[in-house]
Peer 1: 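Quick one: the structure is below, and I'll ask about it shortly.
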2 protein chains.
Amino acid sequence: MRSPHAVIEAATPVPEGAASVENHPSAATTPGARTRSQLQRRKRIVQAAAALASRGGVEAMQMRTVAERAGVALGTLYRYFPSKMDLVVAVVGEEIDLLESSIQRRPPSAPTASGRAVDVLMRATRGLMREPELADALLRSLIMTEVETPFGDRMARLLLRVAGEGLTVELATEDQLTLANSLASVWVHELLEMLRGLRTYEQIQHRLEIVSARLLMDF
Amino acid sequence: MRSPHAVIEAATPVPEGAASVENHPSAATTPGARTRSQLQRRKRIVQAAAALASRGGVEAMQMRTVAERAGVALGTLYRYFPSKMDLVVAVVGEEIDLLESSIQRRPPSAPTASGRAVDVLMRATRGLMREPELADALLRSLIMTEVETPFGDRMARLLLRVAGEGLTVELATEDQLTLANSLASVWVHELLEMLRGLRTYEQIQHRLEIVSARLLMDF
DNA sequence: CCGCAAAGTAGAACACGCTCTAATCCGTGT
DNA sequence: ACACGGATTAGAGCGTGTTCTACTTTGCGG
C-alpha cells in the first residue's frame with residue numbers, strides 16, 4: 001500500500017528462467033546440506049515472498065502467488081517451507097542479515113554503551129519503517145509463530161557487540177545476555193506501538209534511551 | 001491438551017436452552033447500549049469460546065463450533081464479533097479482570113519495589129499458565145490485534161501501584177510509566193518464550209528479577 | 001547406459017475464517 | 001391488533017493456507 005520498494009528486494013526482480021549460478025547464497029536461516037540448485041531455488045522463493053510482502057503485507061504474500069512468482073510448484077514451495085510462517089521467518093532472517101551488515105559497514109559511534117545500543121535500534125527502526133506493511137507483517141508473524149526463531153537472541157548478541165565495544169560476545173555472562181535480550185523485547189514492543197500509530201520516532205528514541213541506560217548501565 | 005478446566009469457565013458449562021435471566025452480565029469489554037437478551041447471548045458466546053479455547057487453544061475455537069456451542073447461528077456470532085480476533089480479545093478482557101482482582105485481594109509483600117513487581121508478575125504468570133493453550137491464544141491475540149487494548153498501560157499502572165507502595169499512580173512521572181511499561185513488555189516476551197517451551201518458572205523469575213532491579217531501581 | 005530414489009510438477013481437494021442470501025422471528029410504536 | 005424494521009437463522013458459497021495424488025524429471029551409484 002505504501003512505498004513501492006522493499007528494503008530487502010533491493011536489486012532482485014526474481015530472475016525466472018535461467019538464473020545466474022550463485023555459489024554461496026547466504027544460507028542464513030537454514031543449515032543442512034543442500035545442492036547448489038536447491039539453494040538457488042530457496043533463494044528465489046524467499047525473494048519472491050519478500051517482494052510480494054513488501055507491497056500489501058502478509059496477505060499479498062499468498063502461497064500460490066509466491067510459488068508462481070518463484071517459478072515453482074505449490075508442492076515444492078511447501079517442501080521448502082512447511083508453512084507460510086516458516087517462509088515469513090526466512091524473510092525476517094534476510095532482513096536481519098541486512099541490518100547486521102549495515103552495522104558492520106557503519107558502526108554506531110556514540111560514546112556510551114547504552115547510546116550505541118539505542119543507535120542501532122533506531123537505525124533498525126527506521127529501516128523497518130521504510131516498509132510499514134512488511135514490518136508489520138514480519139513482526140506480528142514473528143511473535144505469532146510457534147516456530148522457534150533465533151530473532152531475539154540474534155538481536156541481543158548484536159546489541160552486546162555494539163555495547164561492549166571490543167567485547168567478544170562469547171565472554172558475555174548469562175545475565176548480560178538477559179539484559180540485552182530484554183532491551184530487544186522492549187524495542188519490539190515499541191515497534192508494535194508505532195505500527196499502531198501510538199509512537200513517533202522521537203518518543204521511541206526517548207523511551208529506548210531511558211530503558212537502555214538502566215539495562216546496559218555497567219557496560 | 002493439558003488440564004481440563006479453564007481459569008475462566010469456572011462454573012459455566014454454557015447453558016443452552018432456557019438460560020437464567022442474568023441481570024448485569026459484567027459487560028466488561030464492550031460498552032454500548034444493549035438489551036438484556038443481547039447481553040446474555042454475548043455472554044454465552046464468550047463463555048463457549050473460552051471453554052473451547054481452554055482445551056486445544058485457538059484452533060479448537062472454530063467459529064462454527066463456537067456458534068453451535070453457544071446455540072447461535074454463525075451469522076449472529078459474526079454480528080457480535082466481526083472477526084475471530086474480536087472474540088479472542090473479549091475473552092482476554094475477562095481474564096485480565098480476574099488477574100487484577102486477585103492481586104487486589106492478596107497484595108504482594110516483598111520488601112523492595114522491584115521484588116513486589118516481580119511477585120505480581122510471577123503470580124500472573126502462574127495464573128495464566130494454568131491454562132497454557134488459552135494463555136497462548138490470548139497473549140498472541142493481544143499482541144496481534146489492531147485494536148488498541150489498554151493492556152500494557154493497565155499492567156504498567158498495576159506494577160507502579162505495587163512498586164511504590166503508597167504511590168498514587170497519578171503522580172507517577174512519564175518516565176516512571178515508561179519503565180513500568182517496559183517491564184511489562186519484557187514479561188510478555190518471557191511468557192511467550194515459556195509458551196514456546198524455552199523457559200521454566202525459575203528462569204523467568206530470575207530474568208525478571210534482574211531486569212526489574214534495574215528498571216525499578218529508584219522506587 | 002540403467003535403474004531408482006529423491007525432488008519437482010500440475011492440479012484437485014480439504015479446512016476454516018468469513019460473507020451473503022432468503023426466509024423467519026420478535027418487539028415496538030401507532 | 002397489526003405492520004414494520006431490525007435481529008436471527010440455516011445454509012450455501014468464497015478465498016486462501018495446507019494436503020494429497022498421480023505423474024514426470026533429475027541426479028547419481030554401479
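Within every chain, numbering begins at 1; the chains are lettered A, B, ... in the order of the sequence lines, protein sequences first and strands thereafter. This structure is a prediction, so every number in the text was calculated from the model and none was measured. Hydrogens, waters and symmetry mates are skipped; everything else that's a heavy atom, side chains included, is used.
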Peer 1: List, with names and distances, any nitrogen or oxygen atoms from the protein found under 3.5 Å away from nitrogen or oxygen atoms belonging to nucleotides 9-13 of chain D.
Peer 2:
unit_1 : atom_1 : unit_2  : atom_2 : d
D:dT9  : OP2    : B:Ala73 : N      : 2.9
D:dT9  : OP2    : B:Thr76 : OG1    : 2.3
D:dG13 : O6     : B:Arg64 : NH2    : 3.1

Peer 1: Whether the A:Asp175 and A:Thr178 side chains hold a donor-acceptor pair (N or O, under 3.5 Å, no angle test) is what I'd like checked.
Peer 2: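 On atom types as modelled, these side chains do not qualify, holding no pair under 3.5 Å.
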Peer 1: Rounding to a whole Å, what distance do you find between A:Leu52:CG and D:dG17:P?
Peer 2: 11 Å
Peer 1: Check the distance between D:dT18's P and A:Phe81's CZ and give it to me in whole angstrom.
Peer 2: 13 Å
Peer 1: Any Lys/Arg nitrogen of A:Arg106 or A:Asp119 sitting under 4.0 Å from an Asp/Glu carboxylate oxygen of the other?
Peer 2: no
Peer 1: Rounding to a whole Å, what distance do you find between A:Tyr80:OH and C:dA6:P?
Peer 2: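 Rounded to whole Å, this separation is 15 Å.
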Peer 1: Once you round it to whole Å, what is the distance between P of C:dC16 and CD of B:Glu59?
Peer 2: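 Going from B:Glu59 (CD) to C:dC16 (P), I get 10 Å.
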Peer 1: With a cut-off of under 6.0 Å to the ring centre and 45° to the axis, is A:Arg41 in cation-pi contact with A:Tyr80?
Peer 2: no
Peer 1: Using the side-chain contact (heavy atoms from CB on, under 4.5 Å) definition, which of the options A:Pro108, A:Pro107, A:Ser102 pairs with A:Val120?
Peer 2: A:Pro108
Peer 1: Between A:Leu87 (CG) and D:dT16 (P), how many Å, whole number?
Peer 2: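 A:Leu87 atom CG is separated from D:dT16 atom P by 17 Å.
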Peer 1: Quick check for you: among D:dT8, C:dC18, D:dG17, whose closest atom lies nearest to any side-chain atom of A:Tyr78?
Peer 2: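 Of the candidates, D:dG17 comes closest.
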Peer 1: CG/B:Leu160 to CG/B:Leu216 distance, rounded to the nearest 0.5 angstrom?
Peer 2: 7.5 Å
Peer 1: When you check the side-chain N and O atoms of B:Glu100 and B:Gln104, is any donor under 3.5 Å from an acceptor?
Peer 2: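 Their side chains do not contain a donor-acceptor pair, so the 3.5 Å distance test is not met.
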Peer 1: Grab the CD-P distance between A:Glu68 and D:dG17 for me, whole Å please.
Peer 2: 13 Å
Peer 1: Could you state the CZ-P distance from A:Arg79 to D:dC20, rounded to the nearest angstrom?
Peer 2: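 Value for this atom pair: 14 Å.
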